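This report concerns only the one structure given below.
What you are looking at is a predicted structure, and each value in this text was computed from that prediction instead of being measured. Throughout, a chain's letter reflects where its sequence line sits, starting with A, and its residues are numbered from 1.
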There are 2 protein chains.
Amino acid sequence: MTDLMAIGDVSRKTGVKVPTIRYYEGIGLLPAPPRSEGNRRLYGGKAVDRLRFIRHARELGFEVEAIRELLDFAEQPQRSCAKVDALAREHLQAITSRIERLTALKVEVESMIKSCAKGRIAKCRIIDTLSRHEHCLHAEH
Amino acid sequence: MTDLMAIGDVSRKTGVKVPTIRYYEGIGLLPAPPRSEGNRRLYGGKAVDRLRFIRHARELGFEVEAIRELLDFAEQPQRSCAKVDALAREHLQAITSRIERLTALKVEVESMIKSCAKGRIAKCRIIDTLSRHEHCLHAEH
DNA sequence: GTACAATCTCTAGCGACTAGAGGAGCAAGA
DNA sequence: TCTTGCTCCTCTAGTCGCTAGAGATTGTAC
């Protein structure tokens, strides 16, 4: 009745690589599917949906543990989604602070490059900056 | 004559953890220091300088391999520093593209959160967005 | 029938550490 | 002098999220 697929088909449909699908099964993110007589995994549409969800969330930078939680919540439709919202906000916070730190870093590396006169290494300002912490623009490290 | 230090002192001076110092020695980033009679590592000032350099570069996001190259160059003061400049520029490029991708991500996660009405999970827009790829703001994933 | 692709399981590797076991060394106080 | 407790030693294994490879089996197309 149902149109079951081999792992390769699922991979092509979802963009998740074959070993990664097996890996997700191993860590319990994707339930173990039934097998064919020849011991091959046979997937239905639900597995495809779940993998798409996982892939998308991973692309958005959610960690596997967070995705596990999201999937758990997704399976209880009657519950409030406050927790889901909180998870997403937590994630947004992490992204924002990563951007902030990277931007500070960029400024520092840029100023390092600007001061480079392309002379001999003995006078290299880049090596200099990396050597002496007092020269930092930013104090937190 | 020289004031040699134990690994713990070096750790405190540089902010690099003791096991990390040993790890750097293991991967050849920091030369193996002489030992005391009781087989303990004894470090001089140069090791402290080198570790500060490494730490700072790591904090600026340089990979260990890049740091290895930088250190090699730093030890040949008469050579041109064009390569050092190139390494730094390469790194800047990587930082810039990381920021770009994170910013795109942030926009997407933000819009996901904004659409959340905090109702039941059955209608959760966050779960929805993660499930259905067509809803993405950005096409590249 | 035969070639070749796809799948299976299992293990090991990546980067940059971190954690822990189990043992030895060392300085200070009783 | 002895003991307590800290630091240090080596070694192995774990982290995260996969990826790569070996070697065996199964399925498919000609």
Side-chain angles (χ1 to χ4, degrees), chain A residues 3-30 32-43 47 50-71 91 94-95 98 101 105 141, chain B residues 4-30 32-43 47 50-71 90-91 94-95 98 101 105 141:
Chain A
D3 44 344
L4 296 172
M5 287 166 283
I7 197 167
D9 301 322
V10 175
S11 173
R12 252 161 272 128
K13 279 198 183 216
T14 61
V16 180
K17 288 179 191 158
V18 168
T20 307
I21 296 173
R22 288 195 279 248
Y23 169 73
Y24 287 156
E25 182 182 323
I27 62 169
L29 206 57
L30 190 69
R35 303 284 184 123
S36 74
E37 295 217 342
N39 195 34
R40 299 185 170 199
R41 289 167 179 86
L42 294 176
Y43 294 95
R50 200 173 170 101
L51 269 174
R52 285 208 177 115
F53 183 102
I54 294 169
R55 191 196 157 200
H56 198 184
R58 284 292 302 134
E59 275 166 348
L60 289 179
F62 285 87
E63 289 171 10
V64 164
E65 276 320 297
I67 295 172
R68 207 188 292 275
E69 287 188 64
L70 285 170
L71 282 165
H91 184 51
I95 293 169
R98 279 225 296 275
R101 275 185 300 127
L105 223 120
H141 60 261
Chain B
L4 297 172
M5 287 165 284
I7 198 168
D9 300 322
V10 176
S11 172
R12 252 160 271 128
K13 280 198 183 215
T14 60
V16 181
K17 288 181 193 157
V18 169
T20 307
I21 296 174
R22 289 196 279 247
Y23 168 73
Y24 286 157
E25 182 182 322
I27 61 168
L29 205 55
L30 190 69
R35 302 283 184 123
S36 75
E37 295 217 343
N39 196 34
R40 300 188 171 199
R41 289 167 179 86
L42 294 176
Y43 295 95
R50 199 173 169 100
L51 269 173
R52 285 210 177 114
F53 184 102
I54 294 168
R55 190 197 159 199
H56 197 183
R58 284 294 298 133
E59 275 167 346
L60 289 180
F62 284 89
E63 289 172 10
V64 163
E65 276 321 297
I67 296 172
R68 204 187 293 272
E69 288 187 64
L70 285 170
L71 283 165
E90 214 173 89
H91 184 51
I95 293 170
R98 280 224 295 275
R101 275 184 300 127
L105 221 121
H141 60 262

Does [X] have a side-chain nitrogen or oxygen under 4.0 Å from the phosphate oxygens OP1 or OP2 of [N]?
X	N	answer
R58(B)	dC17(C)	yes
K17(A)	dC18(D)	no
Y24(A)	dC18(D)	yes
T20(B)	dT18(C)	yes
R35(A)	dT9(C)	yes

Legend entry - Where P33(A) and E25(A) come nearest, the two heavy atoms and their spacing: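 Nearest heavy atoms, P33(A) then E25(A): CD-OE1, 3.4 Å.
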Legend entry - Interatomic distance where CD belongs to E65(B) and P belongs to dG15(C) [whole Å]: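 It is 7 Å, rounded to the nearest whole Å.
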Inset, instruction - Could you tell me the separation between the CD1 atom of I67(A) and the P atom of dC18(D), rounded to a whole number of Å? - result: 8 Å
Legend entry - Gap between atom CD1 of I95(B) and atom CZ of R101(A) - 0.5 Å precision: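 Result: 12.0 Å between the selected atoms.
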Inset, instruction - Output the single nucleotide from dG27(D), dC8(D), dT18(C) whose closest atom is nearest the side chain of A6(B). - result: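 From the listed options, dC8(D) comes nearest.
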Inset, instruction - Report the nucleotide, chosen from dC26(C), dC17(C), dC8(C), that has the shortest atom-to-atom distance to any side-chain atom of V64(B). - result: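 Given the options dC26(C), dC17(C), dC8(C), the side chain of V64(B) is closest to dC17(C).
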Inset, instruction - Taking only Lys NZ, Arg NE, NH1 and NH2, and the carboxylate oxygens of Asp or Glu, determine whether R68(B) and E65(B) approach each other closer than 4.0 Å. - result: yes
Legend entry - First of R40(A) and I54(B) reached from the 5' end of DNA chain C, by closest nucleotide: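 It is R40(A) whose nearest nucleotide is closer to the 5' end.
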Inset, instruction - Using a heavy-atom cut-off of under 4.0 Å over every strand shown, decide if I7(B) touches base, sugar-phosphate, or nothing. - result: sugar-phosphate
Inset, instruction - Identify whether any heavy atom of R41(A) sits under 4.0 Å from a base atom; if not, whether one sits that close to sugar-phosphate; answer base, sugar-phosphate or nothing. - result: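 Sugar-phosphate: the residue R41(A), judged by heavy atoms under 4.0 Å, touches backbone atoms but no base.
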Inset, instruction - Verify, without hydrogens or angle tests, whether R40(B) (side chain) and I7(B) (backbone) share a donor-acceptor contact under 3.5 angstrom. - result: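 Here the side-chain-to-backbone pair does not exist.
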Inset, instruction - Identify, between Y23(A) and E37(A), the residue whose nearest nucleotide on DNA chain D lies closer to the 5' end. - result: Y23(A)
